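Heavy atoms only: backbone and side chains are in, while hydrogens, waters and symmetry mates are out. Only a predicted model underlies this, so the values are computations on that prediction, with no experimental measurement involved. Position 1 is the first residue of the sequence; numbering continues from there.
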Amino acid sequence: MTVAQRRGRRIMMTPAELDSFLAEQRTCRVATVSADGRPHVSALWFAWDGRSLWLYSLTRSRRWAEMRADPRIAVVVDDGVEYGELRGVELSGTVEFVGEAPRTGESFPELDAPEQLFAAKNFGLDAMPHDGRHAWARLTPDAIASWDFRKI
């Protein structure tokens, strides 16, 4: 169950606007928590399937190690330069790890759709290239907050 946005309803995105925005953007910022409680934020490409954010991360990264230790994360996707153009989405919840880690391309039907979306969006390809260094984490958000200052 996703928590409903309570503040900023006037500038929040509709479900259709949110889907369109997340489908067109490439880069998100993933916030994880270190073992000592310090936050860590890193940029990452993603795919949105209309329900979940699919994160394709290096398995030998600090981000991956922190997600494995504590799968609670927050993600921000934003865009705009001038104040009146700013728009974005914050998604938070618990990630689930899907497929083998690292991903080598072994058949895993649950990854067919996100890999097709990711390959087309980020590489202009029909199929996902696998390098044996990345793996998938899926965030089906518990809470979503959005803003679109163009509505002001």
*Please identify each residue that fulfils side-chain hydrogen bond (donor to acceptor under 3.5 Å, both in side chains) with Asp112, with sequence neighbours left out.*
none

*Cation-aromatic face contact Arg87/Phe149, 6.0 Å, 45 degrees*: no

*To the nearest 0.5 Å, what is the distance between CG (Leu111) and CG (Leu117)?*
11.5 Å

*asked:* Within the 4.5 Å heavy-atom criterion, are Val89 and Ile144 side-chain neighbours or not?
replied: yes

_Test item: Arg133 and Pro102 side chains (from C-beta on) under 4.5 Å apart, heavy atoms_ = no

*Any salt bridge (charged side-chain N to carboxylate O under 4.0 Å, His left out) pairs touching residues 37-50, not counting sequence neighbours?*
Asp36-Arg38

*asked:* Same cluster or not: Phe118 versus Val98, using hydrophobic residues (I, L, V, M, F, W, Y) connected whenever any side-chain heavy atoms lie under 4.5 Å apart?
replied: yes

*asked:* Quick check for you: to the nearest 0.5 Å, what is the distance between Ser146 atom OG and Asp78 atom CG?
replied: 12.5 Å

_Working to the nearest 0.5 angstrom, can you tell me the gap between Trp64 CH2 and Thr59 OG1?_
7.0 Å

*Only pairs at least two apart or in different chains count here, so list each salt bridge (charged side-chain N to carboxylate O under 4.0 Å, His left out) that has a residue in residues 116-126.*
none

_So Val77 and Gln25, do their side chains get closer than 4.5 Å, heavy atoms only?_
yes

_Could you go through Arg150 and Leu86, starting from their C-alpha distance and side-chain angles, then the distance that decides it, and tell me whether this counts as side-chain contact (heavy atoms from CB on, under 4.5 Å)?_
CA-CA 7 Å; Arg150 299 172 307 172; Leu86 299 178; over 6 Å; no

*If we only count heavy atoms from C-beta on, is the Val30 to Val41 side-chain gap below 4.5 Å?*
no

_Partner residues of Glu90 under the salt bridge (Lys or Arg N to Asp or Glu O under 4.0 Å) criterion, sequence neighbours left out_ = none

*Supply the atom-to-atom distance Ser57 OG to Leu44 CG, rounded to the nearest 0.5 angstrom.*
5.5 Å

*Is the backbone of Glu106 close enough, under 3.5 Å, to the side chain of Glu100 for a donor and an acceptor to pair up by distance?*
yes

*Between Arg138 and Ser52, a side-chain donor and acceptor under 3.5 Å*: no

*Check Ala137 against Val95 and note the closest heavy-atom contact, atom names and distance.*
CB-CB, 4.2 Å

*Close side-chain approach of Glu115 and Arg103, heavy atoms under 4.5 Å*: yes

*asked:* Looking at every non-hydrogen atom in both residues, tell me the closest pair between Asp148 and Met13 and how far apart they are.
replied: CB-CG, 4.3 Å

*Do Arg62 and Thr32 get their side chains close enough for a donor-acceptor pair, meaning under 3.5 Å?*
no

_Within the structure provided, determine whether Trp136 and Phe97 are in side-chain contact (heavy-atom separation under 4.5 Å)._
no

*Apply side-chain contact (heavy atoms from CB on, under 4.5 Å) to the pair Leu55 and Cys28, showing each step before the final yes or no.*
CA-CA 9 Å; Leu55 306 169; Cys28 66; 3.8 Å; yes

*Check the surroundings of atom CD in Glu17: do more than 12 heavy atoms from other residues, nucleotides or ligands lie under 6.0 Å from it?*
yes

*Give, for atom CZ of Phe46 and atom CG of Leu53, the distance between the pair rounded to the nearest 0.5 Å.*
5.5 Å

*Point-to-point distance, once rounded to the nearest 0.5 Å, from CG of Asn122 to CZ of Arg26*: 5.0 Å

*So Trp45 and Thr27, side-chain contact (heavy atoms from CB on, under 4.5 Å) or not? Walk me through it.*
CA-CA 5 Å; Trp45 281 355; Thr27 307; 3.5 Å; yes

*So, Glu66 and Arg63, do they make that salt bridge, N to O below 4.0 Å?*
no

_Side-chain heavy atoms of Pro114 within contact of Met128, under 4.5 Å_ = no

_For Lys151 versus Thr14, what's the shortest heavy-atom pair and its separation?_
NZ-N, 4.1 Å

*Could you pull out the closest heavy-atom pair between Asp142 and Gly93, with the gap in Å?*
OD2-CA, 3.4 Å

*What residues, two or more places apart in sequence or in another chain, satisfy ring pair (Phe, Tyr, Trp, His ring centres under 6.0 Å) together with Phe21?*
none

_Phe108: which residues meet the ring pair (Phe, Tyr, Trp, His ring centres under 6.0 Å) condition with it, sequence neighbours left out?_
none

*Trp48 vs Trp54 side-chain heavy atoms within contact, under 4.5 Å*: no

